[in-house]
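Values below: all heavy atoms of this structure, side chains included; hydrogens, waters and symmetry mates excluded. Proteins come first, then strands; the chains are lettered A, B, ... in the order of their sequence lines, and each starts at number 1.
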Amino acid sequence: MAKSDVKVLGAWPSPFVMRPRIALNLKSVEYEFLEETVGSKSQLLLQSNPVYKKIPVLIHHGKPVCESLVIVQYIDEAWASGTPLLPSDPYDRAMARFWAAYIDDKWFPSLSAIAKAQGEEGKEAAIAQVAEGLALLDDAFAKCSKGKPFFGGDKIGYLDIALGCFLGWLKVTEKMTNLKLLDEMIAPNLVGWSERFCSHSAVKGLMPETHKLMEFAKMLQAKFKAPPS
Amino acid sequence: MEEVKLHGAWPSPFSYRIIWALQLKGIPYEYVEEDLSNKSSLLLQYNPVHRKIPVFLHGGKPVCESMVILEYIEEVWPNNPLLPNDPNERAVARFWAKFADDKGLSMWKMFRTEGNEQEKARTECQEMLRQLEEHWPAGKKFFGGGSIGMVDIALGGVAHWLPVIEEIVGVNILDPLAFPKLLKWIYNFKEEPIIKQNLPDQNEMFLFLKKQREILFLSP
């Protein structure tokens, strides 16, 4: 398949964009990465995702697929002969989908809330929520991995991708709050898992360096705090 | 076949999503009504993370979150499929099912709020309907094609609950002039025998939700 048959529209700081890229790497699918400029949206993006106008978008044989976890499932089905991303057992698949939904609906918003929290009490409450979520996910890891190195078992799967993509931003949050969130006391299983995930060949080249993300985060903060012109 | 159970609540569209899927696939199940003002210890045991219905049990193992349950049911009982075969078409269906699930919450926000917050929710709700109308697949009776699929099921709340919320809150969003395709779909959806036979009584719903809203705004 020609590289141009598969395109991913995205941006390097976005954890959601990492998801389809990791999935394509796991399936050994070559693709063209089209980087969107922060602050503006290309014609191709607006055309391919008219509903949300957001990245990531996967374009396969000219047809767009939107929403990061929908894209990952699509990749799993379109390249079914490659390594499977979702477990084979329907109940295990349901567990993976449940926790991925929890991550997107509850956990990641709680992580984002730390930066927006007002005052000391607000920040503490926001941090406590993230820690609580990590403890829950740590428990989920024990159940899903069944003693193996990843949520998906021996290999990285859907749920590893769903959570792992946020590790860069989690490190940024830890630096900005001066607190260790992914900690042996809070989430002992996830500490080891995160190291294995970040060093995996399908992930290594995609995980942004923490200092670059920090710079990017500071730039965003400055943008939002700047007085309206 | 292993035992199939559904813990639900009669006023909930999320509960009905599962009922419709089970009925469409002809899967026998036991229904357990939960009193949401007094949740059973079983429910809290099965769904400790969210403490919500619906909870689906297959051979005693719980599955939570209505859209996750639908995908599970689709995989275990592939007859009368709710999703197309083609991967790209499946991705489009999943996209719109998620859209309906995420944006549909705006109608409940509208129900729970007043003033500026309600106005904001109303705008979100209208925008959701506008997007659906604009992108509705041409010439199809249901979003799934000739038969009801996952997107139609996810949109059930718009078909049967939104009109009740409109009446209680005193808004008119489902305008046939603005949303002709959507209104036609609502009619077709609710006339489909399996759906028609599995809908909560709208009058009872009106009375129940009206009371709920009164309680909401009574609390100090």
Side-chain angles (χ1 to χ4, degrees), chain A residues 6 20 23 27 48-54 56-81 86-107 109 132-133 135-137 139-140 143 158-159, chain B residues 2 14 18 46-52 54-78 83-103 105 127-136 150-151 154:
Chain A
V6 186
K27 297 272 187 184
S48 314
N49 192 355
V51 176
Y52 291 112
K53 306 177 170 59
K54 282 184 173 177
V57 177
L58 174 81
I59 304 179
H60 187 202
H61 294 316
K63 293 193 201 166
V65 182
C66 308
E67 291 295 281
S68 61
L69 291 179
V70 174
I71 301 173
V72 173
Q73 287 181 86
Y74 172 80
I75 290 170
D76 204 22
E77 292 174 1
W79 287 277
S81 56
L86 273 162
S88 48
D89 173 72
Y91 192 76
D92 292 339
R93 289 161 78 91
M95 289 304 100
R97 287 187 171 117
F98 173 86
W99 286 110
Y102 169 80
I103 288 162
D104 277 4
D105 296 343
K106 300 272 185 283
W107 187 77
E132 235 180 85
L136 268 180
L137 289 164
D139 225 39
K143 293 196 184 102
Y158 181 83
L159 189 47
Chain B
E2 287 185 296
F14 306 99
I18 314 309
Y46 290 139
N47 192 357
V49 176
H50 301 294
R51 305 157 95 86
K52 284 180 171 180
V55 172
F56 183 75
L57 289 135
H58 189 204
K61 296 208 281 191
V63 183
C64 309
E65 290 297 278
S66 61
M67 299 313 294
V68 175
I69 298 170
L70 288 179
E71 292 265 9
Y72 177 81
I73 290 172
E74 176 72 354
E75 286 174 3
V76 176
W77 293 275
L83 283 173
N85 266 328
D86 172 72
N88 186 273
E89 286 175 33
R90 286 164 79 85
V92 171
R94 283 185 172 128
F95 174 88
W96 284 107
K98 186 172 198 301
F99 178 86
D101 193 43
D102 290 343
K103 302 294 179 185
L105 296 175
E127 176 59 16
M128 165 185 68
L129 299 183
R130 196 197 62 75
Q131 294 271 23
L132 287 166
E133 182 75 25
E134 185 181 331
H135 298 280
W136 198 264
M150 205 171 277
V151 180

Quick one: do B:Glu65 and A:Arg97 satisfy side-chain contact (heavy atoms from CB on, under 4.5 Å)? Show the steps, please.
CA-CA 9 Å; B:Glu65 290 297 278; A:Arg97 287 187 171 117; over 6 Å; no
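The shortest heavy-atom contact between B:Val63 and A:Ala94 is CG1-CB, 3.9 Å. Across every non-hydrogen atom of B:Val76 and A:Pro90, the tightest pair is CG2-CB, 3.8 Å.
Screening B:Gln131, B:His135, B:Glu134 for a side-chain contact (heavy atoms from CB on, under 4.5 Å) with A:Pro50, the sole residue that qualifies is B:His135.
When atom types are taken as modelled, the side chain of A:Glu67 and the backbone of B:Phe95 share no donor-acceptor pair closer than 3.5 angstrom.
Comparing B:Ala91, B:Cys64, B:Pro48, B:Pro87 by heavy-atom pairs within less than 4.5 Å of chain A, the highest count is held by B:Pro87. Chain B forms the most heavy-atom pairs under 4.5 Å with one residue out of A:Phe98, A:Tyr74, A:Tyr102, A:Tyr91, and that residue is A:Tyr91.
Counted within 6.0 Å of NZ on A:Lys54, heavy atoms from surrounding residues, nucleotides or ligands total 12 or fewer; the atom is thus considered open. Heavy-atom contacts from other residues, nucleotides or ligands closer than 6.0 Å to CG of A:Asp89 number more than 12. Counted within 6.0 Å of CZ on B:Arg130, heavy atoms from surrounding residues, nucleotides or ligands total more than 12; the atom is thus considered enclosed.
For chain A, the nearby part of B:Val49 is the side chain; its heavy atoms alone come within less than 4.5 Å. Only the side chain of B:Arg90 comes within contact range of chain A, judged by heavy atoms closer than 4.5 Å. Of the atoms belonging to B:His58, not a single heavy atom falls under 4.5 Å from chain A.
Going from atom NE2 of B:His50 over to atom CG of A:Asp105 covers 7.0 Å, rounded to the nearest 0.5 Å. Between the CG atom in B:Leu83 and the CD atom in A:Glu77 there is a gap of 8.0 Å [rounded to 0.5 Å].
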